[in-house]
Amino acid sequence: MNDENIVEIKSLKKGFDKGKITALNGIDLTIKKGEFVSIIGPSGSGKSTLLNMIGALDRPDEGTINVAGYDLKGRKDLSEFRSREIGFIFQLHNLIPNLSVVENVEIPMFESGLSGKKMREKALILLDYMNLSDKVKRKPTELSGGERQRVAIARSLANNPSIILADEPTGSLDSKNGEMILKRLKDLHDKEEVTLIMVTHDLKVANLAERTIEVLDGKIKV
Ligand SMILES: Nc1ncnc2c1ncn2[C@@H]1O[C@H](COP(=O)(O)OP(=O)(O)OP(=O)(O)O)[C@@H](O)[C@H]1O
Ligand SMILES: [Mg+2]
């Protein structure tokens, strides 16, 4: 793996339903450390599946995938990889309903070795960064969709990830909050050299990236 690259994917394939569905059909993709890449393409084309592969949430059937020096196809235990390297902003928020907002943000820090007090401090800073200081004690079900999305973003930043994978991060936000989130994500990319990989349907949002990749029928359109 070339040192400048943080993602190297070759001939990656992924099917579902015992191969009846081909979600990814030979993806070749290289992303440099610190790059900001947007991924566009029609519904069902394989964007979320690709993001899940990069975040090691699912395993490929064929091909190779190397992220931040980890061989994601060959290695068995990938929880360390995920907790060290990845911040995931899901298309659906995946917040834990019976935990409060601030507790949800603390989840990725459990393996960090920080004390409970430090975890709380950091979670509160991240929530303030997302303009949610007044909602920290609430449960996710007591929030609007856009507020939940902002909690999910705060949570994705809690482990200081080297890569942020964002699946439609502004999908459920009004334009003001959407812009705020994009600015925050872009700041992380500009100032902390975080690699940002973002799926979006919005071409205006996609154009903020340094490079846009189009996925079509499980392949990258060239
Ligand atoms: N767990 C699964 N089981 C079966 N099929 C799946 C599964 N996940 C995804 N698929 C199928 O794989 C294909 C790619 O899905 P994927 O979620 O990657 O699309 P997408 O590009 O993210 O679409 P959208 O823009 O609607 O989010 C689709 O045909 C989808 O129905
Ligand atoms: Mg999707």
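Remember, it's 1-based here, ligands and their atoms both numbered in the order they're listed. Index from 1, following the sequence.
- Across every non-hydrogen atom of L127 and A154, the tightest pair is CD2-CB, 4.1 Å.
- Residue contact check for ligand 1: G44 places a non-hydrogen atom closer than 4.0 Å to it.
- Atom NZ of K219 has 12 or fewer heavy atoms from other residues, nucleotides or ligands within 6.0 Å.
- Among all non-hydrogen protein atoms, the one lying nearest atom 26 (O) of ligand 1 is S43 OG, 2.5 Å.
- A 6.0 Å sphere centred on CG of D187 holds more than 12 heavy atoms belonging to other residues, nucleotides or ligands.
- Ranking protein heavy atoms by distance to atom 6 (C) of ligand 1, first place goes to F16 CD1, 3.2 Å.
- Applying the 4.0 Å criterion to heavy atoms of S45 picks out, from ligand 1, the atoms 19 (O), 21 (O).
- The environment of R84 atom CZ is sparse: at most 12 non-hydrogen atoms of other residues, nucleotides or ligands sit within 6.0 angstrom.
- Of the protein's non-hydrogen atoms, A23 CB, 3.5 Å is the one closest to atom 12 (O) of ligand 1.
- Within the protein, the number of N, O or S atoms lying under 2.8 Å from the Mg ion (ligand 2) is 2.
- When heavy-atom distances to ligand 1 are checked against a 4.0 Å cut-off, T49 comes that close through both its backbone and its side chain.
- Using a 3.5 Å distance cut-off with no hydrogens or angles, the side chains of S48 and D167 do pair a donor with an acceptor.
- With a 6.0 Å radius and a threshold of 12 heavy atoms from other residues, nucleotides or ligands, D3 has its CG atom at or below the threshold.
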Exercise for the section: Using the side-chain contact (heavy atoms from CB on, under 4.5 Å) rule, take N94 and R155 through it: C-alpha gap first, then chi angles, then the decisive distance, then the call. Expected result: CA-CA 11 Å; N94 290 73; R155 185 183 59 180; 4.0 Å; yes
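- Residue-level proximity to ligand 1 for H201 is carried by the side chain, the only part with a heavy atom below 4.0 angstrom.
- Of all atoms in ligand 1, numbered sequentially from 1 with element shown, those under 4.0 Å from a heavy atom of P42 are 21 (O).
- What sits closest to atom 25 (O) of ligand 1 on the protein, heavy atoms only, is K47 NZ, 2.7 Å.
- Taking every non-hydrogen atom of S48 and a distance limit under 4.0 Å, the qualifying atoms of ligand 1 come out as 17 (O), 18 (O), 20 (P), 22 (O), 27 (O).
- The pair D71-R75 does not meet the salt-bridge criterion, since no charged nitrogen lies less than 4.0 angstrom from a carboxylate oxygen.
- Residue-environment remark: CD (E193) stays at or below the threshold of 12 foreign heavy atoms within 6.0 Å.
- With sequence neighbours excluded, the residues that form a side chain to side chain contact (heavy atoms under 4.5 Å, CB included) with T64 are K10.
- The protein atom (non-hydrogen) at minimum distance from atom 27 (O) of ligand 1 is Q91 NE2, 3.0 Å.
- When every heavy atom of K221 is checked against every heavy atom of L216, the shortest pair comes out as CD-CD2, 3.8 Å.
- Within the structure, the closest approach of I21 to ligand 1 falls below 4.0 Å when heavy atoms are considered.
- Residues E106 and R120 are paired through a salt bridge, judged by an N-O separation under 4.0 Å between the basic side chain and the carboxylate.
- Using a 4.0 Å threshold on non-hydrogen atoms, atom 30 (C) of ligand 1 does not count as touching the protein.
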